[in-house]
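Counting starts at 1 for both ligands and their atoms, following the listed order.
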Amino acid sequence: MDVRNRIKELKDKIENYNYAYYVLNEPKITDKEFDDLIGQLKELESQHPELITPDSPTQRVGGKQESSFKPVAHSIPMLSLENVYSKEEFKGWWNRLEKNLGKDEKIEVAVEPKMDGVSLSLTYENGILVRAATRGDGMIGEDVTANARTIRSIPLKLYSETSFFPKQFEARGEVYFLKKDFELTNHKLIQKNLKPFANPRNAASGSLRQKDVSMTLGRNLQFCVHSLGALSLELKISSHSQFIETCKAYHLPTLGNGLKIVKNAQEVCEIYEEWFNLRASLPYEIDGLVIKCNPLHGQKLLGETAKSPRWAVAFKFKAHQAKTKILSVEFSVGRTGTVTPVAKVEPVECAGVVISSISLHNFDEIERLEVQIRDTVLIERAGDVIPKIIRVLEHDKNSKKIITPRECPSCSETIFNEEGEVALRCLNPSCPEQLERGLLHYASRDALNIEGLGEAIVHELLQKKLVQDFSELYKLKKEDLLKCALFKEKKSENLLKQIKESKSRPFSKLLFALGIRHVGEKLSKILAEHFTHLKNLMKATEEELLQIEECGPIIARSILNFFKSSQTKKLIEKLEVYGVNFTEPKISYQKTQLTKKIVVFTGELSSLSRSQAEELLIQCGGTPSSSVTKNTDLIVCGENPGSKLKKAKELGIMVIKEEEFLKLVNKNSVN
Ligand code: IVH
């Protein structure tokens, strides 16, 4: 047999064993035998590099690959789904479906679990995987082909007995974590002193979008197809279930027996109960069901709204609740000195996440709940929402009252209840825990944006006393960083570069970074534009501050107190010596249709953060606002909009989508 044929035979064999192992879950050979086959193929390919093709199983991670994340325009938008949360709401959706489909159509829906991961589009051309893209904003996603190739259940080449492949075949599906791999990943991150993922969905998204592709490989991501994208016409697919069957035949992973075809709403509700009861014992997380009109002609008839198809709905599970016991209460100090009680509880799984500590917010909350140490409590967590204590279920005879501390748990200074406030506060500006949180805020994206200055490194810099206030970041040298466990040459150089770049950010960013109480991002911008230089703001009197509409007496007091402190004065002097910029550049508006318009953002934006969007708007001379009134000119609507959208519709205010907004501000994508 010639080399070409031997290579083909090996590739087919490996791809089939891979399919048996990763898709069917039925290993046919041992790991060693599999590795031997890969070894033989590698050997032949190294002797004949001209015969290496991208669909070769040896190319899942070929060398040290880096992903490009280039923008990819989806040929058909990747929409999201409307949610319903109860049987009543679901029946409402079903009735609308019946009405919109008309009398002549018999309803037939596909019912599937809703996988809790991130969506991914796979495009095969003539059977070969050519592109994998994230959803992005639905119109434009990111190219993550190199990452997707490392997911072993994704075939690099579709399977066909006849060797016929459509010219184009786009399958969309979910990348997700197995619960056990999620635990393992978080365990490894914690061991390396890195922040664990909050839930399997974030973990899937973060792991898929790794620049270093070998990191994605190590996370053991899963994939299953759930919907169709762009298909060549020759395929003649007429229903969702037929599409899924086609995917199965191509050896793509699907939801398997998870898909049921159903003809009435009651049956859907029964399936909902079944999955709800199964949920905890499943090896992966699901957060509800997806119900889709099965025939494609029905889908076409029903069409879609701007955001979601009328032919599908997500029937979400209710929030998860769990019972646990309070073991102790600790007190943490925030960056502005607020002391927050945090309950340490017996670890318990709730909505797919193991909870071991829960914030009690403040001491009034402790009184309201009448909660004590050793009480059994009911906790709740909906999706990725922070867990909270709902109520006490049982007092223990040994329950112990939670004592309000008098001293700061970090620096032992006396703590105070400031007038009119429920929170206790540590007023010592050198308090170590405050400084740690403060530094993280200083470096955060919306402040001075020092990429790479995360929790682990900040903690270590403080422990090693390499940094004792914000300004000392600017005296760090490579040798200092190399003393820290996580830092190697390249990483140190990158961080130093980022720190240096942060010196030239506008004054508004520095002001926000300083973390003055009550001075948020928006007010920092207003103050910086008004005073133009930090030194002017430092000299401002109470009257001058009060002339600014957004600045009331409490805020003015807080600003004056901050700049009065000798510690602040010393810090500002040092920042000046290190060459940190204190001025705000003059804004020259880019005249667009948004100039002089009052704009409200609602829902989650996918390609930029809320503050980036507001900044783009301000650059066009528009004004961001947080509430919808009759003066609002425009609403920019992201994913899962809240009540603002409803109000805007009632008031007849124009609503646009994120991508239209990006066009108006002359940005098609934000990097
Ligand atoms: S169908 C038009 N089916 O849920 C949307 N989506 O909020 C077609 N998802 O972005 C998607 N499991 O990533 C569909 N069985 C399933 C799903 C599913 C999870 C995700 C999907 C989508 C999100 C909708």
Side-chain angles (χ1 to χ4, degrees), residues 74-85 93 97 109-122 132-142 144 148 151 170-177 199-205 208-209 221-231 239-241 243-244 247-248 252-262 268 271-272 275 278-279 282 284-294 296 298-300 302-317 352 383-384 603-604 606-607 637-641 657-658:
H74 298 298
S75 48
I76 301 173
M78 284 182 86
L79 299 174
S80 59
L81 292 168
E82 180 194 330
N83 294 327
V84 292
Y85 293 92
W93 177 83
L97 192 76
V109 294
V111 184
E112 298 162 356
K114 185 168 186 300
M115 308 300 292
D116 202 6
V118 281
S119 36
L120 180 72
S121 143
L122 300 177
T134 62
R135 177 173 178 275
D137 64 0
M139 310 293 270
I140 296 170
E142 282 175 326
V144 288
I151 302 178
E170 185 195 355
R172 295 174 175 179
E174 205 77 354
V175 171
Y176 61 97
F177 254 95
N199 54 46
R201 182 172 358 118
N202 291 2
S205 167
L208 182 65
R209 295 182 70 268
L221 289 171
Q222 312 291 316
F223 178 76
C224 69
V225 173
H226 57 49
S227 51
L228 52 79
L231 304 177
S239 67
H240 169 69
S241 51
F243 168 73
I244 296 292
C247 289
K248 250 188 224 172
L252 275 157
T254 62
L255 288 160
N257 301 332
L259 185 149
K260 293 243 157 38
I261 300 296
V262 165
V268 176
I271 299 177
Y272 175 93
W275 280 105
L278 264 180
R279 185 185 188 186
L282 294 171
Y284 45 81
E285 247 333 294
I286 62 172
D287 60 345
L289 298 185
V290 180
I291 296 99
K292 301 166 191 167
C293 170
N294 192 37
L296 295 191
Q299 294 188 3
K300 209 165 157 203
L302 292 159
E304 46 244 5
T305 65
K307 187 176 157 276
S308 50
R310 286 195 200 89
W311 47 263
V313 75
F315 190 172
K316 299 278 280 260
F317 292 145
D384 53 8
E604 299 148 27
S606 49
S607 63
C637 179
E639 288 269 318
N640 306 319
K657 291 203 295 183
E658 185 178 344

K.L.:
Please confirm whether L79 comes within less than 3.5 Å of ligand 1 when only nitrogen or oxygen atoms on both sides are compared.
P.N.:
no
K.L.:
When the ring centroid of F317 is compared with that of Y272, is the distance short of 6.0 Å?
P.N.:
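Between Y272 and F317, which both carry aromatic rings, the centre distance is below 6.0 Å.
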K.L.:
Tell me which protein heavy atom sits closest to atom 8 (C) of ligand 1, plus the residue, atom name and distance to 0.1 Å.
P.N.:
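For atom 8 (C) of ligand 1, the nearest protein heavy atom is S227 OG, 4.1 Å.
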K.L.:
Identify, by atom number and element, the atoms of ligand 1 in contact range of S119, meaning under 4.0 Å from any of its heavy atoms.
P.N.:
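So the atoms of ligand 1 that pass are 10 (O), 13 (O).
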K.L.:
Roughly how far, to the nearest 0.5 Å, is CG of L221 from CD of E174?
P.N.:
11.5 Å
K.L.:
Below 4.0 angstrom from a heavy atom of P309, which ligand 1 atoms are there? Numbered from 1 as shown, please.
P.N.:
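Matching atoms, with element in brackets: 2 (C).
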K.L.:
Which atoms of ligand 1 have any heavy atom of E112 under 4.0 Å away?
P.N.:
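Every atom of ligand 1 under 4.0 Å from some heavy atom of E112: 3 (N), 15 (N), 16 (C).
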K.L.:
In this structure, which one of R172, E112, M78 forms a side-chain contact (heavy atoms from CB on, under 4.5 Å) with S227?
P.N.:
R172
K.L.:
Of all the non-hydrogen atoms in the protein, which one sits nearest to atom 7 (O) of ligand 1, and at what distance?
P.N.:
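Protein heavy atom at minimum distance: L81 N, 3.4 Å.
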K.L.:
Any nitrogen or oxygen of K292, side chain or backbone, less than 3.5 Å from one on ligand 1?
P.N.:
yes
K.L.:
With sequence neighbours excluded, tell me which residues meet side chain to side chain donor-acceptor pair (under 3.5 Å) with E82.
P.N.:
R96
K.L.:
So between Q299, H226, E82, E304, whose heavy atom ends up nearest atom 17 (C) of ligand 1?
P.N.:
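Shortest heavy-atom distance from atom 17 (C) of ligand 1: H226.
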K.L.:
With salt bridge (charged side-chain N to carboxylate O under 4.0 Å, His left out) as the rule and sequence neighbours excluded, what pairs involving residues 303-317 come up?
P.N.:
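Passing the test, one end in residues 303-317: D287-K316.
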K.L.:
So which protein heavy atom does atom 23 (C) of ligand 1 come closest to, and at what separation?
P.N.:
K114 NZ, 4.1 Å
K.L.:
Just verifying a value: how many Å separate L81 CG and N83 CG, rounded to the nearest 0.5 Å?
P.N.:
7.5 Å
K.L.:
Is the closest N or O pair between P113 and ligand 1 shorter than 3.5 Å?
P.N.:
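Yes; the residue has a nitrogen or oxygen that sits under 3.5 Å from a nitrogen or oxygen of the ligand.
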K.L.:
Within this structure, what is the OG-CG distance for the pair S205 and L120, rounded to the nearest 0.5 Å?
P.N.:
11.0 Å
K.L.:
Would you say ligand 1 has an N or O under 3.5 Å from any N or O of E174?
P.N.:
yes
K.L.:
So which protein heavy atom does atom 19 (C) of ligand 1 come closest to, and at what separation?
P.N.:
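For this ligand atom, the closest protein heavy atom is M115 O, 3.2 Å.
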